Structure formats: structure tokens, C-alpha cells
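Per chain, numbering begins at 1; letters A, B, ... match sequence-line order. Here the structure is a predicted model, which is why all the values come from computation and not from measurement.
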2 protein chains.
Amino acid sequence: MTDTRTQILEKSYQALRLHGFQGTRADKVILDLGITKGALYHYFPSKLDLGYAIVDELIMPRYTRLWLSLDQFEGNPADGIIAQLRYLISMSSEEEVRLGCPLNNLMQEMAPLDQGFQQRLQHIVNVQREAIGSALKRGQQAGQIRQEIETDPSAIFILSSLEGSYSIAKALQQREIFETSLQTLIQFVQALKT
Amino acid sequence: MTDTRTQILEKSYQALRLHGFQGTRADKVILDLGITKGALYHYFPSKLDLGYAIVDELIMPRYTRLWLSLDQFEGNPADGIIAQLRYLISMSSEEEVRLGCPLNNLMQEMAPLDQGFQQRLQHIVNVQREAIGSALKRGQQAGQIRQEIETDPSAIFILSSLEGSYSIAKALQQREIFETSLQTLIQFVQALKT
DNA sequence: TTGCACATACCAACTGGTATGTATATCTTT
DNA sequence: AAAGATATACATACCAGTTGGTATGTGCAA
């Protein structure tokens, strides 16, 4: 039996995936969990704080770890990036794609609406960008990545294409579209090699 | 003086851009417009129908025209696509980027939640995909686009990267990011040429 | 005088949030 | 170690405000 706080966090995360933050109903969460408002507001002072906790404790670690691990990759960094993209393809279930990337969803919904969300999501993207960018830079220094490419814009483009692939696949509600799009992205990354 | 229906439509569209569909408050719209519920519900049987009308009458035409016009473009279709991407860069204000692409926003928010939205947004994306895909195919037949590339996956990738660029730029709240990312996309499209 | 284009008044359901109560665990003092 | 004091982890009841939506009235043009 997991503790109540964790239960609230994970059930809210599920709701967030399905309905977005604004669409998430605190009442529904506690009803589903068979607890009461007292419990929820004991752990989280407000709905907004619950949202922040979901980002900090669930989304942030998951979505930075993937790219931070590029640090440990030996060999051409482009292959490291490709390996992670392939991993994302293998992880992408029909359900996953239908609901879209949680990070992407939340950025779209909350970035312009709330500073707290905006700062947190900005931080996650910057960590990702930094991780990919510095991996590419290391590759350049090792002569594995073409000198003429600009590492930071390339990192941004890779992230953009990745999130965009989630978007389009979600719009068309087809996992296959996600795979197709990522495959083209992999070719792009491949072309960064010397 | 524009007619009431149009006023409702456009004010709701503004609200939609700021707060999403679920976050759009019908009460606020009529208050801002200085009209009453009677007027709103006279023209739109429900909030959902109002949302559909926004997509059908405002978003759909705007976001298909841009790519359908590739049909008229003479010369290498890749240059036609690049011209449209450059146009989007020139059109992108700080405000625009902060709020994100309306099409993208709506896809993220409503595609998994409502069939009506889903079908409409799916249709828009398919029109865009078809337009870009067939432009590339024409280019191949004219020997202007490399034979080995697959036109449809490339079209999907271009759209993904475009929407993703909006996403990331919105998350980071920086217009410059959008421009940087699209610049890399332009290089990708450039590389499709023979 | 009929029908369209609204206005007014109202509602039921829901929303996040609060005030207060209480059982149980933990710490402190004797 | 017993007893009291205090903190934790919830439950219950409730609220003020908001939501989309409806039923009905009314002025005005054709």
C-alpha cells in the first residue's frame, strides 16, 4: 500500500494526462481514490501546488533523465541521440500517442497562463537542450560531428521535431505517424555525423 | 459594425487563444461584448458548437490556405515550402509565439477529448500533409527533388517540426527560438533538392 | 401579425477551497 | 514506564462563486 500523498499525486497525474490541468477535477480525484478533501488539502495547499508537485516529482525527473544520460554514452553522440529516439519509438504505445507527450501538453496549456508552470517547464526544456547541445559539442571536439553545424540550434530543432511528432501523431490519433516522423528525424541526426 | 455572430466568433477565438477551449468562459465573452446569453445561444446551440464554428470558419481556412497555395507555386517545390516557412517566421510576433499556434494548441487540448474537434483538426492536418506531400511528389517528377526521399513521411516531418517549433518556442517564451528552429527546418527542406 | 434577434431572469450542477472535528502516532516530562 | 502534551493525518460538512444552459419576454422589421 502506497501512502496517500503518492496516491493523490499519481491519480492526479492520470487525470492531467486525460483532461489537462484546468480540466482536472480535484473532486473527481478524491472520489476515485475514496478519500476526502481533507486528505488532499492536507498534502497540497492548492490545486496549483498539486500541479507543481506533479511537474517537479513526476514529469521533471522522467523527461530529463533520458537526455542527461547522453553524458554516459560512449561513441558518436549522434548515435546516442538516435538510441534515445529509438527508445521513445519502442515505448510509444497507441495510448501514449493518443494522449500525447505530457510535457508537450502541459507546455501548450499552462506556459502562457501561469508563471509557476512556465518556469518549471522552461527549466525542463533547457536541461534537455543543454544535454543534447553539449553532447553534440563533444562530438564536434572528437571529430565525430560535422564542424559546420551549430550545436544549440540543432539541439533545439531535435527537441522541436520530437515534440511536434507527438503533436501531429496525437492530432491524427495514429501511433504510426509518430514512428514515421521520428524515423525522418533519425535520418536528420544521422546526417550530423562526419 | 460587424454583425453579432461574427463578433461572438472572433471574441471567442481571442479567448480560445488565451485560455484554451475549456478555459474559455462564455460568460466572459458576452460580458466583453456587452451582449447577453440570449444572443450567444441564439447563434450557437452550445459552447461545443461555438468551438466547432471557430475551427470551421476561422482556423481551418487560415491554416490550409497557406499550404494549398503550393499548388500555384512555380519552380522547385522545396523553394515553395521554404517561402511559406519564411513567411511564417516574418509573421511570428512575440505575442503570437507566446500564445502558440492555435491549431497546435487545440490539437493538444481537444483531440483526445472530443470527436468533433478531433475530426476537424485531423482534416486540417491531412489537407496540409496532402498539400506538402503532393508538392514534393511533383518536384520528384520534375527532377527537382531527390528521388530517394519518401514524400509523405517528409511532409509529416515538416509539419511536425513546424508545430514542434511553436511548442518549444512557446515553452521558452522566446520568439527567437521559433526562428532558430525554423531556420534549421529550412536547411532540411533545402537538402531535399537534387 | 408573424418571425427573427436578441434581453432578462433564473437554475441545477459543479468548482476549488475552508472551518472544524477526531483518531492515532509521537514526543516530553515526571 | 506512565501520563500528559502535541503533532500528524485525515474525515465531515459546508460555502461562495462560477459554470453552461434554459425558459420566457420583448422590440422591431417585413
Asker: Return the 5'-most residue of the pair A/Pro45, A/Lys28 with respect to DNA chain C, ranking by each residue's nearest nucleotide.
Answerer: A/Lys28
Asker: Between B/Leu68 and B/Gln72, which heavy-atom pair has the shortest distance, and what is it?
Answerer: O-OE1, 4.4 Å
Asker: Taking all non-hydrogen atoms of both residues, which atom of A/Leu70 and which atom of A/Ala131 are closest, and how far apart?
Answerer: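 Reported closest heavy-atom pair: CD1-O, 4.1 Å.
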Asker: Please identify the 5'-most and 3'-most nucleotides of DNA chain D with any atom under 4.0 angstrom from a heavy atom of chain A.
Answerer: D/dA9 to D/dT12
Asker: Quick one about A/Gln84 and A/Ser69 (side-chain donor to acceptor, distance below 3.5 Å, no hydrogens or angles considered), yes or no?
Answerer: yes
Asker: Can you see which heavy atom on B/Lys170 is nearest to which on B/Gly100, and at what distance?
Answerer: CD-CA, 3.7 Å
Asker: Taking all non-hydrogen atoms of both residues, which atom of B/Ala78 and which atom of B/Ile145 are closest, and how far apart?
Answerer: CB-CD1, 3.8 Å
Asker: Among all residues two or more places apart in sequence or in another chain, which pass the ring-ring contact (aromatic ring centres under 6.0 Å, His included) test with A/Tyr13?
Answerer: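 ring-ring contact (aromatic ring centres under 6.0 Å, His included) list for A/Tyr13, sorted by chain: empty.
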Asker: Within this structure, what is the CG-to-C1' distance between B/Asp27 and C/dC14, rounded to whole angstrom?
Answerer: 14 Å
Asker: Establish, from distance only, whether the side-chain atoms of A/Tyr63 and A/Asn104 form a donor-acceptor pair under 3.5 Å.
Answerer: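 A/Tyr63 vs A/Asn104: no donor-acceptor pair found between side chains.
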Asker: Is it the case that B/Gln119 and B/Gln115 place a side-chain donor and acceptor less than 3.5 Å from each other?
Answerer: yes
Asker: How long is the line joining NZ of B/Lys47 and P of C/dA13, in whole Å?
Answerer: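 Result: 19 Å.
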Asker: Would you say A/Arg25 reaches C/dT15's phosphate, i.e. side-chain N/O to OP1/OP2 under 4.0 Å?
Answerer: yes
Asker: Provide a list of protein-nucleic acid N or O atom pairs under 3.5 angstrom, restricted to nucleotides 1-7 of chain C.
Answerer:
unit_1, atom_1, unit_2, atom_2, d
C/dA5, OP2, B/His42, NE2, 3.2
C/dC6, OP1, B/Thr4, OG1, 3.2
C/dC6, OP2, B/Thr4, OG1, 3.4
C/dC6, OP2, B/Tyr43, OH, 2.1
C/dA7, OP2, B/Thr36, N, 3.0
C/dA7, OP2, B/Thr36, OG1, 2.6
C/dA7, O5', B/Thr36, OG1, 3.3

